[in-house]
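Here's the structure, in C-alpha cells; my notes come after.
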Amino acid sequence: MNQQNPIPNIPAISWNRPIGLDWDKPYTVRYSSNIDDGPWHGMPLGGFGAGATGRSPRGDFNLWHLDGGEHIYQNLPACQFSVFEETKGQKQAYALSTELPTDGSLSAWQWYPREKAGLKTGTYHALYPRSWFVYENVFTAQLSCEQFSPILAGNYQETSYPIAIFEWTAHNPTDEAITLSIMLSWQNTVGWFTNSVKTPEVRVRDDGSPVYEYKPRWGESTDNFNLLVEDFHRIGCTMTKLSIADEPAEGEGQMAIATFINAGMEVFYHTRWNPTGTGEDIWHYFALDGSLIDEENELPATEGEQIGVAISVRFTIRPGKNRKIPFFLVWDLPVTDFGNGVSYYRRYTDFYGRNGKNAWSMIRTAMKHYQTWRENIEAWQNPILQREDLPNWLKMALLNELYDLTSGGTIWAAASDSAPYGQFAVLECLDYRWYESLDVRLYGSFGLLILWPELEKSVLVAFARAVSTADDTLRIIGYNQVSAVRKVAGATPHDLGAPNEHPWEMTNYTSYQDCNQWKDLSSDFVLQVYRDFLLTGADDYEFLWQSWSAITETLAYLKGFDKDNDGIPENEGAPDQTFDDWQLRGVSAYCGGLWLAALEAAIAIGKVLIEHPREIPYYPPKGFYSEVDKNSVDAINNQVYLYQGWLKKGLPIYQEKLWNGEYYRLDSESNSEVVMADQLSGQFYAKLLNLEDIVPAECALSALKTVYNSCFKNFHNGKFGAANGVLPDGSPENPNATHPLEVWTGINFGLAAFMVQIGMKKEALEITEVVVGQIYENGLQFRTPEAITVMGTFRASHYLRAMAIWAIYLVIEAKR
C-alpha cells in the first residue's frame, strides 16, 4: 500500500495545542474595565486593513474585526467546517468545533469531541500567517486543514486582500475505500459590521481612558439574500443585501464561499437555510451521506430572520491515496466609517473596485494564485526558520506576534497622490483604541519596518504633518481631572486619532494624561524618522525632507521644557512619558537619554539634507518658516549647530546627575534608588543608528547587568520577566505601584534587543524566553498584552508594543 505522508509540511516550530484543550488557569484581566475574551484565540485570517476573522484552537470562528478599529468576540456556530465519513458501512459526521452553541441553536448537529477513549482528537498549529488543524482518533481517514491569507513581506497588494484559504488534505491509511464529504457552512452577516450608534458618546472609563459606545448591527439580516454561482470549474455562494448600491455604506457589500469542481468528486449546495434553528435542514442530508439537497433559493431574509449558505464536497479515496480539497472565503466590505461622516475606502479596493460587488472576482483570484501565495509565504519565512543561531521558540514568536497587523483594529486606506501606498495605522490596543501611539511604536514598529517599510514610513509622514497643527479643544485629563487643550502646535502628538473621529487628521485622542507635556514623544519621532531612513537603504531623501520641518519644530518645543537651560528638558512630576502612571522629576534617565539620542539623529539628518538638496519644492505650514529659510544650506547648518550646542551641554549633565557608579538613577530629583529596566533606551537607539554613544560603554554594560539582576533575576526569581522598576534586591519601592511592578512584554523585548547589542545575548534570550512562555503558555496567544503581573493577571490585550520582538531579530541580524 502507498504510504504517502498525508500531513502538510507544518514547521516544527509552530505554536501548537490539542484541539479543544482547556487551560487550567489562564491569565485574567487586571482591571474589570479591560477586555478579557478568555484564552480561546487563534491566528487571525484576512489582509491588513481589510478586516479579519479568527478561528480558535477549538475550531470555532469567534473573532470578527470586520469593522475597522472595532472588536467583536463571539462564536458564530453556523460558520463552520463539518466532515462526513463512511467506511466499511459505518457512517459518522461532525461539525469541527468542540464548542457547542450556547443559545440552543444547531441542536441537530454532532459536535467534535475534545477527546475520544482518553485520547486527544487532534492538534492546532499556528505560525502566522498560516495555521493548521490536524484531526486524530475520530475519523478513519487522516485529515488536516491548512488555513492562511496572502500576507507577503514587502508586498503592498495581495497583503491587503480580504481572502482566507482553507486547504484540506485527506489520506486513506486503510486497505478499503473511504468516502468523505467536507462541508463549509456560513451565515450571511452582510450589514452587521457597522456602529448602529452614529454619534456615540465619549465617556471616561474608570482607568481614566476615553471610550465610546459601539453597538454593531449584529443579527440585523433583513433583506440579506444568497446566490449560487457556477463559473467553469468553480462553484460557490455569494451573500449580499438588497439595499447595496454602487456606493455602498459601511458594512455593506458581499461575502462568498467557494470551491473547485473536479472530476472524481461531487459538489452539493444549499443557498438558504436557518442558522438559528436546529440545523436539521442541512444536517439531515449531510449526516446521511455527505450531500446537500442542491436547493437554490434567493429569497431575501425577512425581519428577524437569519439565513446561511453551505457547500459540501464528497469524494472517495482509494487505499493509500491522498486528496486535497481547497475552500475559499472572501469578503468585500469596501468602506470604513469613522466619526462626523468621515469614511475611507480600504486599500484592497485599489485592485478590486469600490462598489462592494467583487467577491467573486476575489474568489477567482484566490483560486488562481493561492498555491503561489503559500510558496511566497514560505520563501520570505524560510530564511528565518532555517537560522540555526535562533532558538525555535524565538522564531515561533517572531512570526506569530505579527498577528496584530491583521487583527489589531488595522486600517489601511486606498492610495492617493500624497499616499501612494495608502495610509496605514494599527491601534495601540483594543482597550486603548487610538492609532499608532508614538511612544509604543518606538518599540512595536520594528516588524513593520523590516517587512513592510513603505507602510512604516507612511505612519511617520502622518506624524510629521501633525506636529505643526493645533486643537484648542479643552478636555478633562483622566489622571488628575485638570483641564487641558487637546493639541499644542509644535508638540508631537501621542497618537493619530481614533476610529470614532478622523484618524490621521484629528490626533491626540487619548486624554488619560496631557500628552502635550510628555518629554519623550518629540524624541521618539526624530529617532523613528532617522531609523526608518537609515534601515531602509539610507536613500529616501524625500522622506527626510517631508519630516525636517516637524523635526526642527518639535525639538524646539521640547527644549522649552529645559527650564534651567542645562541642555536636557526636565520631567515635571506628573507622569509625562510612556510610563504614564510613574512620576519622574528633573532630568530622567529615560527621557533624557532619548533626548540626547534624538539630537544626534537630528544632526545626522541635517547633514544628509545638506548633501542632498530637495528635488521637489517644499511648502511649509502657513505661518511657519519660509521655504528659503527652512531649506537653505545656511538654515540647516544653523539648526545642526544649535543641536550640537545642546548636545555638548547635555551629555555631561546626564552623566553627572544620573550615574551612581553602578546604574543610572531614575531621575535627578526624586531620590529614588529604583533600577529602571528601560533606563538606557536612548543609548540603545544611538547604537542602533550608528551614532555616538550617549553614555560610556562600560557604564551601559554595568547598568544592563544591574537591570538583569535586579529587575529580572531578583524579581520573583526570573519567572515572569523583567519588572519595569524595582530596588536592587528586586523588592518594590512602593508595593502599591502599578507600572513599576508590571512586566511589559514590549519593554522586555526592547531590553533584550539592547542586551544583544551590547554583548549579553545569553541573558537577552533568557529574558525573552520567559516572556514568550508567559504569553503562549497562559492563554494570551494572539492577544498579547502590554503588561502581566505576578498575580497571573494582564492588562491591555492585542498590544502594539509586543512586536518589539522584531528588534531582537534586527540586532542579531546586524551582528552576523
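Below, all heavy atoms of this structure are taken into account, side chains as well, without hydrogens, waters or symmetry copies. Treat the numbers as computed from the prediction; the structure is a model and nothing was measured.
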Backbone of [Y] reached by a side-chain donor or acceptor of [X] within 3.5 Å:
X	Y	value
Tyr403	Thr784	yes
Asn297	Leu299	yes
Asn322	His171	no
Gln381	Tyr128	yes
Asn500	Tyr212	no
Arg217	Val190	no
Arg347	Tyr156	yes
Lys116	Pro113	no

Would you check if there is a donor-acceptor pair between the side chains of [Y] and [X] at a distance under 3.5 Å?
X	Y	value
Thr406	Asp404	no
Thr179	Thr316	yes
Ser160	Arg346	no
Thr372	Glu375	no
Glu303	Thr222	no
Ser131	Gln147	yes
Lys324	Thr169	yes
Asn16	Ser14	no

Does the side chain of [X] reach to within under 4.5 Å of the side chain of [Y], using non-hydrogen atoms?
X	Y	answer
Leu780	Pro39	no
Pro77	Ser97	no
Glu146	Arg374	yes
Ser343	Phe338	no

Does the gap between the ring centers of [X] and [Y] come in under 6.0 Å?
X	Y	value
Phe81	Phe327	yes
Trp111	Trp283	no
Tyr73	Trp40	no
Tyr370	Phe328	yes
Tyr135	Tyr112	yes

* Asked: Of the non-hydrogen atoms in Ser105 and Asp103, which two are nearest, and what is the gap between them?
  -> OG-OD1, 2.7 Å
* How close do Leu106 and Pro275 get, heavy atom to heavy atom, and via which atoms? -> CD2-O, 3.5 Å
* Structure fact -> By side-chain contact (heavy atoms from CB on, under 4.5 Å), His369 pairs with (sequence neighbours left out) Thr365, Trp373
* Asked: Mind checking what makes side-chain contact (heavy atoms from CB on, under 4.5 Å) contact with Pro11, not counting sequence neighbours?
  -> Ile13, Leu127, Trp132, Leu385
* Structure fact -> Residues at least two apart in sequence or cross-chain that pass salt bridge (Lys or Arg N to Asp or Glu O under 4.0 Å) with Lys357, listed by chain then number, are Asp246
* Walk me through it: do Thr240 and Asn224 pass the test side chain to side chain contact (heavy atoms under 4.5 Å, CB included)? => CA-CA 6 Å; Thr240 188; Asn224 285 13; over 6 Å; no
* Asked: Where do Asp332 and Tyr348 land on the side chain to side chain donor-acceptor pair (under 3.5 Å) test, with the steps shown first?
  -> CA-CA 9 Å; Asp332 182 14; Tyr348 78 85; 2.6 Å; yes
* Asked: With the threshold set at 4.0 Å, does a side-chain nitrogen-carboxylate oxygen contact exist between Glu86 and Arg314?
  -> no
* Asked: Between Lys241 and Glu252, does at least one N-O distance fall below 4.0 Å, as a salt bridge requires?
  -> no
* Which of these, His71, His798, Gln74, sits in a side-chain hydrogen bond (donor to acceptor under 3.5 Å, both in side chains) with Asp37? -> His71
